[in-house]
Amino acid sequence: MSTVREAAFDVLRRRGLDRIFANPGSTEITLLTDLPDDLDFVLALHEGSVVGLATGYATATDRPALAVLHTTAGLGNAVGALATARVNRVPLVVVVGQQDRRHLASRPFLAGDLDGLGGTYPVWTSAPVRPQDVPGAIDRAFHEALTGRGPAVVTVPSDDWAAEADPRALPSPAVVRRGLRPDDGSVRELAALVAGARSPALVVGADADSPAAWAALVELADRLDAPAWQEAFAARAGFPQDHPRFAGHLPPERAALRSALAGHDLVLVVGAPVFRQYQYSPGDLVEPGTTIALVTDDAEDAHHSRADLAVLADPAATVAALTAALPTRVSDGPVLTPDVGTAPLAPAADGPLDAPTVFVELARRLPADAVVVEETPSSRPDLHRLVPARAPLGFLSAAQGGLGFGVPASIGVKLGAPDRPVVAVVGDGSTLYGVQGLWSAAHYRVGVLVLVMDNGRYAIMDRLATEAGGKAPWPGFGEVDVATLATGLGCEARRVDTVGALTGLLDEVVPGLPERRAPLVVVCSLR
C-alpha cells in the first residue's frame, strides 16, 4: 500500500523540492520522522526564520522552496515573513500541520483555526477535503506558487499522512509552460509613446532583476539617452548601479519624487509599481504633462498603478522588443555619472565608526558578484549610495518593510548560491527580530558575513519622532550585546569600534567569502 506521505514525497521529488525548511511540532511528526535520504531537513529555531531561510533560498535558486509550519502558532509566527515573500514575489510551498482529522470536531489541544490566518498574503490556500487529496494539493501549490509568485499554503491534518493514497487523485498538470511575451500591438503602442517623448526617463524595479532584463534595460537606456532610476524600497536591483546611466534611488515621498522626475515628459517604469511611497504627503506623483508607461509581469502591480499605459508582459522580452522597434536616438547631452559615493579622505585608523565609513570600506573590497542583503532602516540611504549592486541578485531587501528578514534571508541565499559572497547588512534592532537564524547558519556551516550596525536604539524611529516634533517614549537598548547572542547561538562574533579594526577584519575576511563555510557576525559599534 502506498501512503499519502509516500505519494507526497514523490510530488516533492518531481518538483525538485528536495530541502525542507521547518521548525517541527507534534502535528508534523508523522510527516517528518524517518525522512528519506534524498530529502534534506533544515531546522530554524523560529518560524519567521524558517520562512526567511526558504525565501532567501528560493530567491537564490529561482525556484520554489518548501517550508513546513506547526499549526496555529507556527503559521501565526510566520505571517510577517510570508507577507515579505509575497511582496518580494518569491514562490514558496508551505505545508501547515493540523491536529488529527478524526477529532477535530472536538477542538483538541493544538487544533488550529487556520483558515484565513495568513490573511491575503498567500497566493493560494487549500485544506484538502480527503487525505487522498493532499499530494495533489501540494502539487498544485507548486504551480500556484510559481504562477502567483508567492507562498501557496496547504493545511494537512496529522493522520492524513498514513492514509492509503489514491493514485488517481493528482489533478495538476505534469508540465506548465508560462509565458508573457508581449504582443505586437502592445509593443507598437509602447514604442509610439517612447519615440514621441522629448525627454524620457526609466524607473526600474525588483522584477527586472535578471541578466536578460539588465542587458535589455542598458541597451534601451543607451538608445534613449535616458537616466535609469531605481524604485524606492525595492526588494532587488533592476539595473547595474555602477552604470553611467544609473541616476540613483527614487525618493519615497511625493514632492521629492516630482522633483526627481521633473523635466521628463515620459517615465517608463519597468518591473516596479507606480510608485512605491512611504509616509503620506499630498499632491500628484509626477508633474502635469508627464506620461507614465508601465511594463510588468505582476498583474497586481499593474492594476493598482497610476499609469497611462500598462503592458502586462515579461519585462526583459518587452524591453528588448521595444528597443528593436525604436528609431536611433541622437544624444544631446552628457552621460550621467552615478553617485556611488566615496570617502573624500581616508579616515584615521583609530577614528570612530559611522555607517558611511563602514559602507565605503565594504564597497572597496566586495567583488562584483557579491550579494548584499539589507535590513538597516536608519542607514539604508547611505548603503544605496555607497554600495552599488553590480550584478543580478546583487541586492536583496524586504520590500514589505517588516523586520526579521535580513539575517535568515542571507543564510538562505548562501545555501542556494554557495559560491557567491553573501553579506547581510542589518541594524541591531533588525537583528533581534531574526537572530534565531544564526543558529541555522552555524549548525549547517553557512558562510555568511553579517555586519551589524550597532547604535543601541531604533534610530529610524527616533528620527521620525523628532521630525514629528515630539519626544520618543521608547528607550534605547544599548545593554543588548548582539555579539554575545551570536556566540550563544554557535556563531563566531567580533566587535569593531575603530576604522582600523574594521578595515583589518574586512581585508582578512572578504577575499575568502565565496568559499567561506562558517558564519561570522561582525558588530560595528557606532556609539
Side-chain angles (χ1 to χ4, degrees), residues 1-44 47 50-51 54 57 63-75 78 91-115 117-118 122 124-146 151-176:
M1 179 187 77
S2 177
T3 64
V4 166
R5 179 178 184 261
E6 291 165 340
F9 287 156
D10 287 340
V11 168
L12 301 185
R13 294 183 182 102
R14 183 164 61 253
R15 301 304 178 196
L17 297 167
D18 57 357
R19 192 172 302 223
I20 300 173
F21 297 91
N23 181 269
S26 58
T27 54
E28 296 77 58
I29 284 292
T30 47
L31 167 66
L32 298 174
T33 302
D34 289 331
L35 275 181
D37 291 340
D38 60 339
L39 295 176
D40 291 332
F41 185 92
V42 179
L43 173 66
E47 288 86 0
V50 168
V51 174
Y57 185 77
R63 56 186 174 88
L66 173 63
V68 174
L69 305 176
H70 175 49
T71 191
T72 307
L75 180 56
L92 301 178
V93 176
V94 182
V95 174
V96 182
Q98 174 63 291
Q99 251 285 13
D100 193 300
R101 187 187 291 270
R102 293 167 293 187
H103 69 160
L104 272 177
S106 301
R107 298 189 63 79
F109 181 68
L110 287 177
D113 291 330
L114 302 176
D115 186 27
L117 183 58
W124 182 74
T125 60
S126 175
V129 176
R130 305 181 306 152
Q132 289 74 22
D133 296 327
V134 168
I138 293 173
D139 201 41
R140 178 172 171 180
F142 176 86
H143 293 313
E144 295 281 1
L146 273 176
V153 177
V154 181
T155 300
V156 184
S158 59
D159 58 311
D160 281 11
W161 301 111
E164 183 176 358
D166 179 356
R168 300 166 297 180
L170 198 65
S172 295
V175 177
V176 174

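Small disclaimer: the values here were computed from a predicted structure and weren't measured. Only this structure's heavy atoms are used, side chains among them; waters, hydrogens and symmetry mates stay out.
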To the nearest 0.5 Å, what is the distance between CZ on F109 and CD on Q99?
9.0 Å
Mind checking the CG-OG1 spacing from L32 to T27? Nearest 0.5 Å is all I need.
9.5 Å
With the side chain counted from C-beta on, respond yes when S126 and T155 share a heavy-atom pair under 4.5 Å apart, and no when they do not.
no
Are E47 and H70 close enough, and set up right, to give a side-chain hydrogen bond (donor to acceptor under 3.5 Å, both in side chains), and what steps lead you there?
CA-CA 8 Å; E47 288 86 0; H70 175 49; over 6 Å; no
Mark yes or no for whether R5, through its side chain, and L31, through its backbone, hold a donor-acceptor pair below 3.5 Å.
yes
Is there a side-chain contact (heavy atoms from CB on, under 4.5 Å) between Q98 and T71? Walk through the geometry before answering.
CA-CA 5 Å; Q98 174 63 291; T71 191; 3.8 Å; yes
State, to 0.1 Å, how close D160 and V156 come at their nearest heavy-atom pair, and which atoms those are.
CB-CG1, 3.9 Å
Going by heavy atoms in the side chains, are L69 and N23 under 4.5 Å from each other?
no
Beyond-backbone contact of P131 with D159, side-chain heavy atoms, under 4.5 angstrom
no
For R130, is the CZ atom crowded, meaning more than 12 foreign heavy atoms sit under 6.0 Å from it?
yes
Is there a side-chain contact between W124 and V153 in this structure, where contact means two heavy atoms from C-beta onward sitting under 4.5 Å apart?
no
Sequence neighbours excluded, which residues qualify as ring-ring contact (aromatic ring centres under 6.0 Å, His included) partners of F142?
none
Inter-residue atom distance I138.CD1 - F9.CZ, 0.5 Å rounding
9.0 Å
L117, V96, L110, D113 screened by side-chain contact (heavy atoms from CB on, under 4.5 Å) with T72, the one that passes
L117
Would L35 and I20 count as a side-chain contact (heavy atoms from CB on, under 4.5 Å) here? Give the steps.
CA-CA 10 Å; L35 275 181; I20 300 173; 4.1 Å; yes
Using a 4.5 Å cut-off on heavy atoms from C-beta on, say whether the side chain of P135 contacts that of V4.
yes
Is atom CG of D38 surrounded by more than 12 heavy atoms (other residues, nucleotides or ligands) closer than 6.0 Å?
yes
D139 and its side-chain contact (heavy atoms from CB on, under 4.5 Å) partner, picked from L12, V11, V134, V93:
V11
Determine the minimum heavy-atom distance between A67 and A54, stating which atoms define it.
CB-CB, 4.4 Å
Can you confirm whether V154 sits close enough to P128 that some side-chain heavy atom of one is under 4.5 Å from a side-chain heavy atom of the other?
yes
Check whether any side-chain N or O of R101 sits under 3.5 Å from a backbone N or O of V129 as a donor-acceptor pair, and report yes or no.
yes
Indicate yes or no: does D18 engage R13 in a salt bridge with an N to O separation below 4.0 Å.
no
Under the side-chain contact (heavy atoms from CB on, under 4.5 Å) criterion, do L66 and F21 qualify, and how do the steps go?
CA-CA 6 Å; L66 173 63; F21 297 91; 5.9 Å; no
Give me the atom names and distance for the closest heavy-atom approach of A111 to L104.
CB-CD2, 4.1 Å
Shortest non-hydrogen separation from V51 to A78 and the atoms involved
CG2-CB, 3.8 Å
Residue pair E28 / W161, side-chain heavy-atom distance below 4.5 Å:
no
Kindly indicate, with the supporting measurements, whether the criterion side-chain contact (heavy atoms from CB on, under 4.5 Å) is fulfilled by T3 and E164.
CA-CA 5 Å; T3 64; E164 183 176 358; over 6 Å; no
Taking the side chain as C-beta and beyond, is there a heavy-atom pair between H143 and R15 under 4.5 Å?
yes
